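Have a look at the structure below before the remarks.
Chain naming here is simple, since letters A, B, ... match the order of the sequence lines and numbering starts at 1 in each. Remember, predicted model here, so these are calculated numbers, not experimental data.
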There are 2 protein chains.
Amino acid sequence: MTQPAGRTPRSDARENRARILTVARVLLADDPSASLLSIARAAGVGQGTMYRHFPGREALLVAVHQGEVNALTDKASVLLSAYEPLEALRLWFEHLIAYGRSGPGAAAAAGAAAHTGAGRERPPAVAALDLLLKAGKEARQVRPEVEAEDVLLLVSCLWQAQDGPAWRERRQRMLTFIIDGLRTAPPR
Amino acid sequence: MTQPAGRTPRSDARENRARILTVARVLLADDPSASLLSIARAAGVGQGTMYRHFPGREALLVAVHQGEVNALTDKASVLLSAYEPLEALRLWFEHLIAYGRSGPGAAAAAGAAAHTGAGRERPPAVAALDLLLKAGKEARQVRPEVEAEDVLLLVSCLWQAQDGPAWRERRQRMLTFIIDGLRTAPPR
DNA sequence: ACCTGAACACCGTTCAAGT
DNA sequence: ACCTGAACACCGTTCAAGT
């Protein structure tokens, strides 16, 4: 934290950061438990540089997946303007699940992003889900007591599921259970 | 695997195994990420011995928690004979959650126990839950398409929740969502 | 201001040597 | 048959020295 607040970082630092992120995206997609050292080497930087930019593995994961998380956040309002609340919620879940399953790193990153630390401000993903839930509640389709963190936790179990057709069915089934559990008066 | 099948192990081996388990239970309860080496040292055995008895951390975790898992398995039929199916299910969930939250090691062990490996036989915990679900289905209170693995995965997200009164409320709320999602015709 | 890479403490795993 | 403990390969993290 020796950098003066609000100033542009030195150009080599900026480039190093970008290069680490690019390389990390590739290596982590291939092997989610790739070591930080292997990433540093592939990016052509020392371990110290790695550490300066991302203090710890989780920080790197969050940064790597920030793009996807932002896309997910935006998607919420897009879906809301095109579908009725409950359908928008279901579709958003599908996106969330697909993202979380894109790699175990994603799950860790999302988990870190979802944990609303005491005092800290709401992460954007939580805020996006809040939008969907609020619309659902106003349409009296979603239980009033449902909170965004509840739902994130519930859905997060779905990206633990493996691949294969059997698990695809399982996920669909479980998603139905979850949504029906969140509704007010399920007209099955 | 050099031991002749079905023969009593040598007494020192038996005692070592028991001692490792006892020590591991204590150390892991205190710190769930306690190293295998520290456990071996505390148990007064070499690392090799540790490895001979429990090839890998997960194997140790499973063994450590086997007692609790068995208790949980037995509890299912006890609850079934005393309560109506849906209530028995809810009470069993409470036990499952309490157990899973008894330590992060428990979650890992339960996760390993729940994963029905292809071809392998059903773990006892899954079989116990099956009993509960079957009773619920016969009483037409539980959706017919619900599978035990679905439910385990769903409930497992609950033992990620932290401590504190706020999280206690959250857990209760989420458990209600889950159960209502599993019912056939929820009379709320 | 930022980067490098040796150094440190630690981990899981293996295996030759013992009893 | 089983145990021991040194040895190996690897990890995340730190920090003095450079530019």
Nucleic acid contacts - residues 12-24 of chain B versus DNA chain C, non-hydrogen atoms under 4.0 Å: none
Whole-Å gap separating P (dC8(C)) and CG (L37(A)): 17 Å
Exercise: identify the closest heavy-atom pair between V45(A) and N16(A): CG1-OD1, 3.4 Å
Rounded distance [0.5 Å steps], CG in L175(A) versus CD1 in I97(A): 4.5 Å
dC2(D) phosphate, OP1 or OP2, under 4.0 Å from R52(B) side-chain N/O: yes
Heavy-atom donor-acceptor pair, K75(B) side chain to A128(B) backbone, under 3.5 Å: no
Distance below 4.0 Å between H53(A) side-chain N/O and dC3(C) OP1 or OP2: yes
Contacting residues from residues 42-49 of chain B, given that a heavy atom lies under 4.0 angstrom of DNA chain D: G44(B), V45(B), G46(B), Q47(B), G48(B), T49(B)
Spacing of R57(A) atom CZ relative to dG12(D) atom P, expressed in whole Å: 6 Å
Nearest-Å distance for atom pair CZ/C1', residues R10(A) and dC2(C): 4 Å
Spatial distance of atom CZ (R170(A)) from atom CD (E149(B)) [nearest 0.5 Å]: 5.0 Å
Atom-pair distance (CG on L36(A); P on dC10(D)), nearest Å: 16 Å
Main-chain N/O of L72(A) paired with W92(A) side-chain donor or acceptor, under 3.5 Å: yes
Canonical and wobble pairing (Watson-Crick, G-U, under 3.5 Å) of DNA chain D, dot-bracket with |: ||.|||||...|||||.||
Nucleotide dA6(D), atom P - distance to CZ of R41(B) in whole Å: 11 Å
Length of the CG-P vector between D31(B) and dC10(C), whole Å: 14 Å
Set of residues satisfying side-chain hydrogen bond (donor to acceptor under 3.5 Å, both in side chains) with respect to E84(B), sequence neighbours excluded: Q141(B)
Straight-line distance of L182(A) CG to M174(B) CE, nearest 0.5 Å: 9.5 Å
For R10(B), salt bridge (Lys or Arg N to Asp or Glu O under 4.0 Å) partners two or more places apart: D12(B)
Atom pair distance, as rounded to whole Å: CZ in F54(B) and P in dC2(D): 14 Å
Side chain to side chain donor-acceptor pair (under 3.5 Å) partners of residues 37-47 of chain A, not counting sequence neighbours, each pair once: S35(A)-S38(A)
CG-CZ distance between L154(A) and F177(A), expressed to the nearest 0.5 angstrom: 13.5 Å
From CZ (R173(B)) to CH2 (W167(B)), nearest 0.5 Å: 9.5 Å
